[in-house]
Every structure is written in C-alpha cells, then in structure tokens.
Amino acid sequence: MSITAQSVWNNCLEFIKDNIQPQAYKTWFEPIKAVKLTDNALSIQVPSKFFYEWLEEHYVKILKVSLTKELGEKAKLVYIIKMENTYGNKQPFTERIPSANRSSVKAQDVDIPLNNKSPELRNPFVIPGIRNVKIESQLNPNYSFENFLEGDSNRLARSAGLAVAAKPGGTSFNPLLIFGGVGLGKTHLAHAIGVDIKDKYPEKTVLYISAEKFTQQYIDSVKKNNRNDFIHFYQIIDVLIIDDVQFLSGKSGTQDVFFHIFNHLHQNGKQVILTSDKAPVDMQDIEQRLLSRFKWGLSAELQNPDFETRVSILKNKLYRDGVEMPDDIIEYVAKNIKTNVRELEGAIISLIAQSSFNKKEITIELAKQIVEKFVKNTKREVSIDYIQKIVSDYFQMDVDTLQSKTRKRHIVQARQLAMFFAKKFTKASLASIGSQIGKRDHATVLHACKTVDNLSSTDKQFRKYVEDITKKLSV
Ligand code: ADP
Ligand code: MG
C-alpha cells in the first residue's frame, strides 16, 4: 500500500487522539486537513493563523512525536493557513511556513495581508487632533477574564478572546463573533476582552456598545442631520465591541452604516468584536454582505456549561461574595439549573437572600423550593401558549380570536405581536411558531416580526404596546 499524506496523517491522528482530551482533539485536530506529502515533509492545512499559533504553543511535542514515528527522524511539518473569505484577496489565501526550524518561527513571521496596516489607509475624514478626545469605554470592570471560568463549553471562545486581547487587530480573528443562548456569558466575555485590552494597551480606544444603543444613536444622528459625525466617531475607534448584533435584524439603515464602519475599521487593522444569540447562518434579516463579513474571522460558540463548570461558577461566585455554602447544596443547584448561567447565579443569590432575611439555615429543602421556583418560572416565561394568553389579555380578546383567520386590523396586530414575542422569547423555529399561532406558515411569522419591528420604530402607540407586553412577559 502506498503512503499518502492522508494515510500518514491518519496514523498521527490515531496516536494524538489517544493522548489528549476528546474535546481538545475535536477542537484542534478534526478541522485539520492533510494536503501534501513530499519526501519527509507533511503539509497540513489549518483554518487560521490563530489555529497555527495554538498548535505550535500547545501541541508541538505530540505532533513531533507522532510524525517522527511515521516519517523518521527527519520528519517535517508544514502548515498551510487557509482562510475562507479573506479580505482583499480574489483567490483563497494560502501560506506556507517552512518547517526547517519550526521552533524559531514566531507568530510575527506569519504575515497575513489581512492585518497589513498601510499608512495610506488612514481615515481622510479624521480631523487632526480628534484622537485626543477621550472616549469612555463603557466597560464593566467586574466582567474580567479572571472570573470568567473556563470549561469545555467555552474554551474555544475564551481562548480566542484571550488571543484577541493579546493582539487586538493582529490575529485572524477579526471580527471575533461570540454566539450562544441567553445567559451563557456573551456579554461577560465581550467586556472581559475589552477590559484586558484596556489594561494591556491603555492608549487604545476601546468602545463597548449594545447593538440596540448603536441603532438608537444612528437614528438620532439621522434626525439631527449629523450622520457623518456618527460615522466618523466610530471610525476612530481601535477596538469596537458590539453586543447582541441580532438586534440589527431587519434594520437595513443601521446595517448599512455598520457595514461601512466595519469595513473602515477592518481595513485599518482595528479589532471588531461582536456577540449574537445565533450563529451567522441562522441570523435572519441581516444583509448577505454583512453576514459574509461576520464570517471573515472566527465564530466561536458558548455552549451550555457542563456540571463541573456550573459548580465552579457557583463556587467562584460564593467565594467572591464571601459566603460559605455546603457542597451538597451547591451541587444540587448545579444539577438542576443547566442552561443558563444567569439563572444559576440568580438561584444562589435568592438562596442566600432567603436564608439571611428569614434567618433560616441553608438546607437542601430550602434549595429545592428555590430551584423549583426558578425552573417553573422560566418554563412559564418561554411557552408560546403563555405569550398568546398575555397578548390576548392585553387586547381584551380571547386566544381563539387572536388565532382566527380574520383580517380585522387590531386582531391581525395582536397576532403579529404574539408571533414577534414568540420569536423573541422562545427558541421555537418560525415554522413551529406559525403552526402554534393559528396554523400559519413560517413566511407569515417572518412578515409579522418585520412588521412589528417597523411599526415599533415608526408608531408611538404601537411601541407602547410592545413595551407594555414585554414588561408583562418579563415578570
Ligand atoms: P449573555 O450575554 O450571553 O446573555 P451574560 O454575559 O450576561 O450572558 O452572563 C450572564 C451571567 O452569567 C453573568 O452574571 C456572567 O457573569 C455569568 N457567567 C456566564 N458565564 C460565566 C462563566 N464562564 N464564568 C463565570 N460567570 C459566568
Ligand atoms: Mg448579553
């Protein structure tokens, strides 16, 4: 049988797999492709520069051992960094790093055009001296890396965040998109990156802003006729962190302006960090050109933390608050609240509060009562039936009317609001929302969400409905 790049690499993988954690294997080795074998040099393709750096830093020994076993003492490893959608390259960008003296290859030697900062690219609009204007970062110093506990569920995102913080704009993670469900730490991690950058590079201008606030500022700037000032302000930022970009869905004006700001920052080697509650592929009503920009860098998911991570998050929280709690109670809480770190913390806080207000001892019984409340409440909050009930109560109609086929305007609006909130507050797909609210199809739901978005930005009365119902759904 002839030896091919693939067969050599497969053997290496087998060896590596036996010697490292399964999660690490999945993260760092599965995405690698073996591409070429010449004499004693194996070329492997990795998806980013960061990937290469990570392998060199953490797995160089095991790579060497396994490859030497296959190809003998003179074995060499050649990395090919292949990024998809690389900016400024018509062709896919590939790069080789000669492996003759791999250990002396420094990260800086991997020169990716993405990060070229040519002085000609300076913003022609910046008024001289404006850089001296101090911009408040809006960062929360309590959200640090130190208290963002590591686990399998967040390892990739966390380490990508650390890499970005070490070299803002200087890694291939630009933009860095952190995505994941509610309460899993997106905002915390985004702040942590900013805080760390401010710490390491105090001269850099870092700005944290929610997509919602960004949108509001943009709308105001259009009203006040100073859209250009708005754009210029954002173009002088070194590290721009935008939280919850899914909020830009359907807002084409804001998307357009963000597209231009993004391009400007990116071309100038500035770092962009985004968070979203969905992966780029699942984002709806975001322009294609913007989505493709999101995919230039790295999309890293925050998953539900496993049991051990949940326990360490709780212990860390208690430690910081100076509270002691028996292990079996911590474990009980961690075992029963699984999908949301914010709720996990909430349960512990009410446990502490209950016991100190009522001077009760913290017992398993008390923990059970509190956890039950938490689990029940969240279940009630997210059901589509509950949303339909709240919306129809609000408009003083019954649920059957809300679901009926009528085209009467106020009923249609109530139905559209129910669909909008179902999309917002549950994980249900458009199709399943449609089928539960009057047997409509997914396009109808999509249309409803758009209509509600539009109306709430143009119609004051309608915005009041949205606000009122949001409040009712959040208690
Ligand atoms: P998201 O933005 O994804 O909805 P947040 O960043 O607001 O979530 O996190 C919710 C809460 O959970 C915050 O108080 C945050 O500090 C905490 N949290 C989330 N992940 C972790 C973690 N890995 N370690 C410690 N605390 C965490
Ligand atoms: Mg958040």
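Just follow the structure's listing: the first ligand is 1, and inside any ligand the first atom is 1. Sequential numbering from 1 along the given sequence is applied to the chain's residues.
Closest protein heavy atom to atom 6 (O) of ligand 1: His188 N, 2.7 Å. Taking atom 18 (N) of ligand 1 as the reference point, the nearest protein heavy-atom neighbour is Val341 CG1, 3.2 Å. In terms of protein heavy-atom proximity, atom 7 (O) of ligand 1 is nearest to Arg342 NH2, 2.9 Å.
No side-chain donor-acceptor contact under 3.5 Å links Ser137 to the backbone of Leu139. Side-chain N or O atoms of Gln255 include one that pairs as donor or acceptor with a backbone N or O of Glu287 at under 3.5 Å. The backbone N or O of Gly434 lies less than 3.5 Å from no partner atom in the side chain of His442, so there is not a single donor-acceptor pair. With Glu150 contributing its side chain and Ser159 its backbone, the two residues share no donor-acceptor pair below 3.5 Å.
Here the side chains of Thr205 and Ile236 are not in contact, with every heavy-atom distance at 4.5 Å or above. Between Lys17 and Phe29 the shortest side-chain heavy-atom distance does not fall below 4.5 Å.
Applying the 4.0 Å criterion to heavy atoms of Tyr143 picks out, from ligand 1, the atoms 16 (O). The contact set between ligand 1 and Asn154, taken as ligand atoms under 4.0 Å from a residue heavy atom, comprises 23 (N). Under a 4.0 Å criterion applied to the non-hydrogen atoms of Gly181, ligand 1 contributes the atoms 3 (O). Atoms of ligand 1 lying under 4.0 Å from any heavy atom of Lys186, numbered from 1 in the order shown and given with element: 1 (P), 2 (O), 3 (O), 4 (O), 6 (O), 8 (O).
Close N/O approach between Gly183 and ligand 1 is found [any backbone or side-chain N/O within under 3.5 Å]. Ligand 1 has an N or O atom lying under 3.5 Å from an N or O atom of Leu149, backbone or side chain.
Stacking of Lys315 on the aromatic ring of Tyr319 is not recorded, the 6.0 Å distance cut-off and the 45° axial limit not both being met. In this structure, Arg158 forms no cation-pi arrangement with Phe148, as its terminal cationic atom is not both closer than 6.0 Å to the ring centre and no more than 45° off the ring axis.
With rounding to the nearest 0.5 angstrom, the CD1 atom of Ile231 is 7.0 Å from the OH atom of Tyr218. Atom CZ of residue Phe425 and atom CD1 of residue Ile469 lie 10.0 Å apart, to the nearest 0.5 angstrom.
The proximity of Asn147 to ligand 1, defined as any non-hydrogen pair under 4.0 Å, is limited to the backbone. Contacts between Glu345 and ligand 1 below 4.0 angstrom, taking non-hydrogen atoms only, involve the side chain exclusively.
The neighbour count for Glu203 CD, taken as heavy atoms of other residues, nucleotides or ligands under 6.0 Å away, is above 12.
Excluding waters, the set of protein N, O or S atoms lying under 2.8 Å from the Mg ion (ligand 2) comprises Thr187 OG1.
Closest to atom 2 (O) of ligand 1 by heavy atom, among Ile313, Thr187, Asn316, is Thr187. Nearest-residue assignment for atom 8 (O) of ligand 1 (options Gly185, Pro305, Ala192, Gly346; heavy-atom criterion): Gly185.
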Candidate pair Asp152 and Arg155, rule salt bridge (charged side-chain N to carboxylate O under 4.0 Å, His left out), full reasoning: CA-CA 5 Å; Asp152 283 350; Arg155 189 159 290 120; 2.4 Å; yes
